[in-house]
Amino acid sequence: MKQCSRIDLKWLTIVLAPLVLCSGCSILPPFNEKLPGNRAFIDYWPPDPNRKELRLAVKDNIDMKGVVTTAGSQIFSKTHKPAEKDAPCLAIARARNLQIIGKTNMTEFAISPSGMNEYFGTPVNPLKRNLIPGGSSSGNAVALASGMADVAFGTDTAGSIRVPAACCGVVGLKTTYGLIPIEGVYPVEPKHLDTVGPMGKDIAHTVQGMELLQDGFAAKYAAAKAAKPTARSIRVGRLKLKGTDPKIDQAIGDALAKAGFQVVELDENLSDKFEQAKKDGTTVASAGAWISDERFQFALGVSARTKSVIRLGQITYTTGYRSALARRSAWQRTLRNVFEKVDLIALPTLQKTPPGLPLLNLRIGILDAYLLQVQNTVAVNFAGNPALAVPVPLSGANVSFTSLQLIGPGLAEADLLNAGRLVESAVNR
């Protein structure tokens, strides 16, 4: 748990405080023995090897007719009935000739970024087994990185698609807030943050995933490619944030240069505003966990980690939720002004390399608090903009990759994936 030494004291106090209310439950054994396999799936339906159709995995907080939506929780798994109908976001996938191969594992109630799950077992990062898979869409990322799926549907409230994509070396797209319906999706903060988006083992498959969520997207993507077939015509604003590993900053810069974008350095004033939006977005997401899951703060069958997050949400809801939301419009205006000067914004998805799994899992959220500090994702959710996470090479670190995050103006999913295509092609040459 080397990474925990870098957590601010205030964060450590916050995440440890709920332990008093847990009455020691955080040091009890897990609810059951970890199930066998890589734990990417909660329900898995092996695809027919003789069929060549796309293999789609679906995060288990998205309703699927006839299947219990567990949201990664023991209490839902044991008490909920199968969903009576599909979530609307599955409609196109149902109409296409593809194979839905299962419901994927996730952090309980989608409220922790580590990807750890004490009941169903933590999905094993196939790129390096001792690293966290990232969450909350951990099963999606592991299924893609291990070759079990081609495309996955995930949800992103504060980075839940992009963080696991960054940890497992796959592609993840956070869509514009409100673009994809979230009805039938177990909520965290649906009024301001929750989104549904695709993940893929590469850009091409992520485009296919987006087409399954928005009918006609393939044509929009083709138009974006035709309009800007090379990176030379794309202006990318480079945003640098304090606390980022210099090797990661170098890797991001190298990838942008290799692709050939017009890179514009963004000033420190935007960095300061981004950091404030990161704090505000974290506050709103944390409060959302309390709003959505207050009834589970003392429930048997809910993990101590989750209870810690819920109780932290109670604190942030009463102390900072409304003031954070009051600053949201100003942050959205700031980004609109930036996008008058550049087409996209580039920065790392994570400021550090993915941390290792703790040797001693106290299950009280210390690792999750660390990840909230090093992610650069939630500020995008706070604004409602789309963002893409795409892997790029990294030298001189404990892993051989990091993740480039590209942020676009509203409804710029096709432009983001086109830029991602150019990055992917450049770094893989």
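We count residues from 1, following the sequence as given.
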Expected output: side-chain [X] to main-chain [Y] donor-acceptor under 3.5 Å:
X: R55; Y: M148; result: yes
X: D249; Y: T244; result: no
X: K278; Y: Q373; result: yes
X: Y177; Y: P190; result: yes
X: D194; Y: E189; result: yes
X: S323; Y: G320; result: yes
X: E53; Y: N97; result: no
X: S77; Y: S73; result: no
X: T122; Y: N117; result: yes
X: R311; Y: Q297; result: yes

How about [X] and [Y]: do any of their side-chain heavy atoms sit closer than 4.5 Å?
X: L367; Y: P355; result: yes
X: R305; Y: S308; result: no
X: L335; Y: F274; result: no
X: H80; Y: T69; result: no
X: P386; Y: L411; result: no
X: N38; Y: R129; result: no
X: K128; Y: N398; result: yes
X: L213; Y: P198; result: yes

task = Walk me through it: do I132 and L371 pass the test side-chain contact (heavy atoms from CB on, under 4.5 Å)?
result = CA-CA 11 Å; I132 64 163; L371 282 165; 3.4 Å; yes
With the threshold set at 4.0 Å, does a side-chain nitrogen-carboxylate oxygen contact exist between [X] and [Y]?
X: D272; Y: K242; result: no
X: D156; Y: R162; result: yes
X: K103; Y: D43; result: no
X: K273; Y: D280; result: no

note = Paired with S138, the side-chain contact (heavy atoms from CB on, under 4.5 Å) test is passed by just one of P123, C168, S114, namely P123
ask   = Applying the side-chain contact (heavy atoms from CB on, under 4.5 Å) test to T282, which of L372, T316, N381 qualifies?
value =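 When L372, T316, N381 are each tested with T282, the side-chain contact (heavy atoms from CB on, under 4.5 Å) holds only for L372.
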ask   = Can you check side-chain contact (heavy atoms from CB on, under 4.5 Å) on D415 and D343, steps first, answer last?
value = CA-CA 9 Å; D415 294 326; D343 300 305; over 6 Å; no
request  = Give me the ring orientation class for F217 and Y221: parallel if the planes are under 30° apart, tilted from 30 to 60°, perpendicular past 60°.
outcome  = parallel
message = Using 30° and 60° as the class boundaries, would you call the ring planes of F109 and Y186 parallel, tilted or perpendicular?
response =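 Aromatic pair F109/Y186 classed tilted.
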ask   = Between F76 and F296, is the ring centre distance below 6.0 Å?
value = yes
Nearest heavy-atom pair of [X] and [Y]: which atoms, and what distance?
X: E84; Y: K65; value: O-CG, 3.5 Å
X: Q375; Y: V163; value: CB-CG2, 4.3 Å
X: I92; Y: E211; value: CG2-O, 3.9 Å
X: Q405; Y: P348; value: NE2-O, 3.9 Å
X: L406; Y: A419; value: CD1-CB, 3.9 Å
X: V427; Y: P391; value: CG2-O, 4.4 Å

First locate atom [atom1] of [X], then atom [atom2] of [Y], and finally report the distance between them rounded to the nearest 0.5 Å.
X: S303; Y: I75; atom1: OG; atom2: CD1; value: 11.0 Å
X: E424; Y: I203; atom1: CD; atom2: CD1; value: 5.0 Å
X: T283; Y: I315; atom1: OG1; atom2: CD1; value: 11.5 Å
X: L56; Y: D150; atom1: CG; atom2: CG; value: 9.0 Å
X: Q214; Y: T175; atom1: CD; atom2: OG1; value: 9.0 Å
X: T377; Y: L347; atom1: OG1; atom2: CG; value: 9.5 Å

Between [X] and [Y]: side-chain donor-acceptor atoms closer than 3.5 Å:
X: S160; Y: T157; value: no
X: S112; Y: T107; value: no
X: K174; Y: T195; value: no
X: T306; Y: D293; value: no
X: S136; Y: K59; value: yes

Step-by-step side-chain contact (heavy atoms from CB on, under 4.5 Å) determination, T402 to K247 = CA-CA 10 Å; T402 188; K247 293 186 179 70; over 6 Å; no
request  = Start with the C-alpha distance between L357 and N130, add both sets of side-chain angles, then the distance that settles side-chain contact (heavy atoms from CB on, under 4.5 Å), and finish with yes or no.
outcome  = CA-CA 6 Å; L357 292 164; N130 67 324; 5.7 Å; no
key: Y317 OH: over 12 foreign heavy atoms closer than 6.0 Å   = no
